[in-house]
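Below is one structure, written out as structure tokens; the observations come after it.
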Amino acid sequence: MLSAVAARKARLAQSQTRTLAPEAKATAAPSPSSPEPQAKAAPAATKPSSSSQKPPSKRKPSTSAGNPSTKKKKSQHRKGPQDSQPGRYFAQADAFKTQEDLIVVDESDSESSAASSSAESDKDWARARPAAQSKAAGKRAWSPSAPLADSSDEEQEEDEQVLLDVSTPAAVDPSPDTPTVLSTFQPILDQNVFRLPPSQSSSSNSRQGRTVLLLRASESVALLGAYTLTVLRGAVSLGGILLPASSTTYPVFAPRSSPLPIIQCLPRRAFQLNTLDVVLPANVAEAASNSDAAIMLQELHTGIEGLGRICRTFDGFFAPSRWWRNQARFDLGLDHVYFLPFQTPDMPPLVIPPTWTKATSAVLPSSNEDVATQRRVCLIKGPKNAGKSTFAKFLMNTLLSRYRRVAYLECDIGQSEFTPGGMVSLNVVEKPVFGPPFSHPSIPFTAHYIGATSPRSSPSHYLDSIQALVQQYEIDVQNAILDEEPHEEDGRISSMIPLVVNTMGWTKGLGADLARKVEEIIGPTDLFSIVGVSQDDEPAYGSAPSQIPAHVHGPRVHLVETVHSHPSASHYTAADHRNLSILSYLHAIFPREAPPSPYVSAIATAWNTTTPLCAQAPYEVDGSVAFDKLILTGAGMEDVVPDNVHRALNCAIVGLVSCEPGTLETDAQPEDGLSARLAYEQGAPPPLPTASRCLGLALVRAIGPGPKTPVQLLTPVPPPLLSSARVLMMGELQLPVWGMLDFRTLDDSGEIAGYERGKVPYLRWGKGEGAGGERRRVRRNLMRKGQM
């Protein structure tokens with residue numbers, strides 16, 4: 001049976017037999033079944049000359065050639081002397097003649113041989129495909145569902161066997177019988193794994209389950225879930241970050257939606273067993289003395305697992321997959337913490353390339369005090385999906401091994417690390433961060449609200465905000481004096497705070513211009529350029545070093561390789577991660593008390609995932625008294641008239657902005673109307689970044705039409721900071737639909753906070769109407785140009 005492309009190839013091959021030279025007649029293969037003549041005839045077609053190849057003849061073919069019923073039989077029973085005819089101009093062999101026995105497959109004996117060949121190829125697919133790719137095929141294999149090989153590869157091998165119409169699997173494991181090993185550590189209870197009883201301490205964390213693992217050098221452990229890690233003896237590496245024995249407890253969040261950090265035991269060093277305030281049993285202490293490293297794992301119950309119930313796209317992402325959940329595995333004795341011996345398709349490990357470690361080691365300061373106190377600003381640039389955010393977090397964690405605190409400037413408003421999207425922020429951290437962005441939302445040291453996931457609609461405000469953050473870092477943060485004295489055993493630098501800058505991946509057109517100006521504003525001392533995976537990325541900025549000097553001698557440029565995303569990463573889009581970050585922020589619980597230092601950013605410690613947003617009690621304030629101004633920013637916001645501002649503000653995400661006294665421009669407002677009570681001015685510009693800061697985000701639950709204009713707000717910002725938020729700033733960010741639903745009754749009656757679905761505002765149930773409302777139909781019988 002012939003496909004459309006195969007039929008066209010056969011007609012082209014038959015029409016070209018009339019234009020072959022007499023020399024081809026002597027070298028043609030008499031029969032496909034005889035290997036000797038075929039091996040001699042193949043060299044004639046191995047080096048086709050593109051400059052001397054004659055185009056297909058425009059003459060009308062003969063009756064026998066145009067008859068479809070006889071053409072198939074003739075193409076199957078051609079013999080050597082009848083395959084060629086004298087050509088008019090050049091002597092050249094036919095490139096398709098060497099595979100015409102594979103193009104036409106119609107007879108019963110051919111079908112049986114093809115079936116056996118297909119079964120054999122399916123059995124050895126993992127071994128045959130790498131071997132076939134390592135050779136430049138002499139005969140070009142093709143299929144209607146796969147692109148053809150390049151014609152320049154046809155001159156390497158003559159005896160290569162060609163497989164026709166072999167359907168490539170969607171995702172084939174190179175060795176399905178031997179899966180990739182994630183954990184080389186072999187757990188044995190009461191030998192290298194010890195389950196400790198809950199501590200008698202009064203703290204709540206000490207009452208949770210604890211497990212001690214004794215590791216040998218080079219052993220690795222992969223865990224899924226949320227837990228805390230404490231290094232008791234030796235040193236380990238977590239996600240490529242060195243963690244020596246200390247009293248520090250590191251929270252680790254390892255869901256299936258992100259690459260899993262691997263615990264790697266380092267060779268034995270001069271570290272002693274540190275029992276902290278934990279009394280270890282005698283058998284554990286004796287066994288730990290013979291190990292290279294000892295770590296203690298503890299359960300971490302923060303409520304973050306409930307985000308999967310709220311956003312059903314990530315349902316069960318802190319637990320193994322359904323097809324792996326029922327398999328036998330070692331029980332560590334910890335709730336919601338799973339030991340992973342092998343890699344599964346949806347749980348890839350976090351791989352740190354060697355160039356990343358080499359580049360980050362080059363920026364670590366030496367023991368010289370003069371060099372250690374010098375200005376250090378590291379900027380990461382590159383195209384999208386190249387691993388900039390992962391590398392920026394890796395660099396920040398690496399710098400924390402030599403510095404007491406590190407500042408992090410977020411310029412990527414689409415995929416922020418410490419805040420939801422739509423904000424440029426400056427954060428100061430003092431402990432390494434292990435987990436995806438939604439696991440550590442924070443109250444930034446200072447931030448500015450852009451109101452969109454791209455600076456396309458407000459590029460000037462975007463640049464002004466970054467410039468204000470850089471100025472505040474240089475004045476208030478860079479040489480800040482720490483409040484407490486460093487510990488004696490802690491030899492980290494405390495007199496200077498370095499800065500890590502993460503930029504956006506928009507490297508074309510306006511995005512490239514903005515990225516260059518951002519680099520010029522920041523003036524980095526070290527520039528990390530990540531080479532993109534796509535050739536369409538603009539080389540002037542995306543992969544090539546910048547030509548704009550930031551200092552007298554210019555920045556040091558470090559070229560690092562990109563990290564290829566795992567195929568499972570395509571299951572979650574960038575919009576899914578943004579939705580999860582927004583919902584995680586709105587459900588987060590921040591510490592009520594202020595941090596010990598004003599320079600440290602407060603990070604969420606728990607999540608309220610037992611109650612949906614629609615059932616939580618909001619703050620209710622008088623809009624005419626609590627807020628001095630309402631500003632709408634973004635594309636099309638200048639067209640919102642004062643009479644419709646309450647419609648736009650309902651169920652909107654707004655930024656809580658604090659302005660310095662006397663810097664807010666307010667014009668005379670009319671005495672009547674809702675806009676007067678909310679101090680709304682159509683088309684008003686955003687506040688000056690040099691005289692304002694964004695404290696956080698809030699959700700407008702409702703706005704009343706009464707004379708006092710009651711406004712209901714839901715926000716995780718601590719109450720001590722809310723008193724200074726006098727400006728509401730609304731942008732283009734919207735609450736995800738998952739945040740409007742009641743996950744408690746979503747699978748049952750569908751009621752939302754006790755109300756019928758049809759009476760709930762902002763939502764419409766049922767099938768959509770109008771253009772685009774029907775289900776999209778996908779045609780799968782079309783071919784791309786490269787497959788023809």
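From a predicted model like this one, the values you see are computed outputs, not experimental measurements.
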Apply the test side-chain hydrogen bond (donor to acceptor under 3.5 Å, both in side chains) to residues Thr249 and Thr228: give CA-CA distance (whole Å), side-chain angles for both, the deciding distance (0.1 Å), then the verdict.
CA-CA 6 Å; Thr249 300; Thr228 61; 5.8 Å; no
Side chains of Tyr585 and Thr419 in contact at under 4.5 Å (non-hydrogen atoms)
no
Would you mind reporting whether Leu613 and Leu735 have side-chain heavy atoms less than 4.5 Å apart?
yes
Looking only at heavy atoms, which two atoms of Val477 and Ile497 are closest? And how far apart?
O-CD1, 3.5 Å
Please lay out, stage by stage, how His587 and Ile310 fare under the test side-chain contact (heavy atoms from CB on, under 4.5 Å).
CA-CA 10 Å; His587 286 270; Ile310 299 173; 3.5 Å; yes
Apply side-chain hydrogen bond (donor to acceptor under 3.5 Å, both in side chains) to Ser584 and list each qualifying residue two or more places apart in sequence or on a separate chain.
Trp607
I'd like to know if the side chain of Ser439 reaches the main chain of Pro436, judged simply by a donor and an acceptor atom lying under 3.5 Å from each other, with no hydrogens or angles considered.
yes
Which atom of Leu340 lies closest to which atom of Met347, heavy atoms considered:
CD1-SD, 3.8 Å
Might you work through the side-chain contact (heavy atoms from CB on, under 4.5 Å) test for Leu395 and Ile380, ending with a clear yes or no?
CA-CA 10 Å; Leu395 176 60; Ile380 297 93; 4.0 Å; yes
If I compare all heavy atoms of Asn502 with all of Ser389, which pair ends up nearest, and what's the gap?
ND2-OG, 3.3 Å
Sorted by chain and number, sequence neighbours left out, salt bridge (charged side-chain N to carboxylate O under 4.0 Å, His left out) with Arg744 holds for Asp742
So, using side-chain contact (heavy atoms from CB on, under 4.5 Å) as the criterion, who are the partners of Thr211 when residues are at least two apart?
Val193, Arg195, Leu213, Leu334
Report the residues that fulfil ring pair (Phe, Tyr, Trp, His ring centres under 6.0 Å) with Phe314, sequence neighbours left out, ordered by chain and then residue number.
Phe317, Tyr572, His577
Taking only residues two or more places apart in sequence or in another chain, which ones pass side-chain hydrogen bond (donor to acceptor under 3.5 Å, both in side chains) with Ser442?
Asn427
Applying side chain to side chain donor-acceptor pair (under 3.5 Å), which residue pairs with at least one partner in residues 305-320 are found, sequence neighbours left out?
Arg312-Asp747
My understanding is that only residues two or more places apart in sequence, or in another chain, count here; which of them pass salt bridge (charged side-chain N to carboxylate O under 4.0 Å, His left out) with Glu417?
Lys393
Going by the rule side-chain hydrogen bond (donor to acceptor under 3.5 Å, both in side chains), which residues pair with His336 if we only count those two or more places apart in sequence or in a different chain?
none
Not counting sequence neighbours, which residues clear side-chain hydrogen bond (donor to acceptor under 3.5 Å, both in side chains) with Asn397? List them please.
none
Can you check whether Phe185's main-chain N or O pairs, donor with acceptor, with Ser183's side chain at less than 3.5 Å?
no
Do Thr610 and Asn608 pass the side-chain hydrogen bond (donor to acceptor under 3.5 Å, both in side chains) test, and can you show the C-alpha distance, the side-chain angles, and the key distance before you say yes or no?
CA-CA 6 Å; Thr610 58; Asn608 180 15; 3.1 Å; yes
Taking all heavy atoms of Pro261 and all of Val252, pick out the closest pair and write down the distance.
CG-CG1, 4.2 Å
Trace of the side-chain contact (heavy atoms from CB on, under 4.5 Å) decision for Val433 with Met396
CA-CA 9 Å; Val433 175; Met396 179 191 68; 4.1 Å; yes
Ile262: side-chain contact (heavy atoms from CB on, under 4.5 Å) partners, not counting sequence neighbours:
Ser220, Ala222, Pro349
Among residues two or more places apart or on two chains, list those pairs meeting salt bridge (Lys or Arg N to Asp or Glu O under 4.0 Å) that have a residue in residues 724-737.
Asp628-Arg726
Ring pair (Phe, Tyr, Trp, His ring centres under 6.0 Å): pairs with one or both residues in residues 406-429, sequence neighbours excluded
Tyr408-Phe418, Phe418-His440
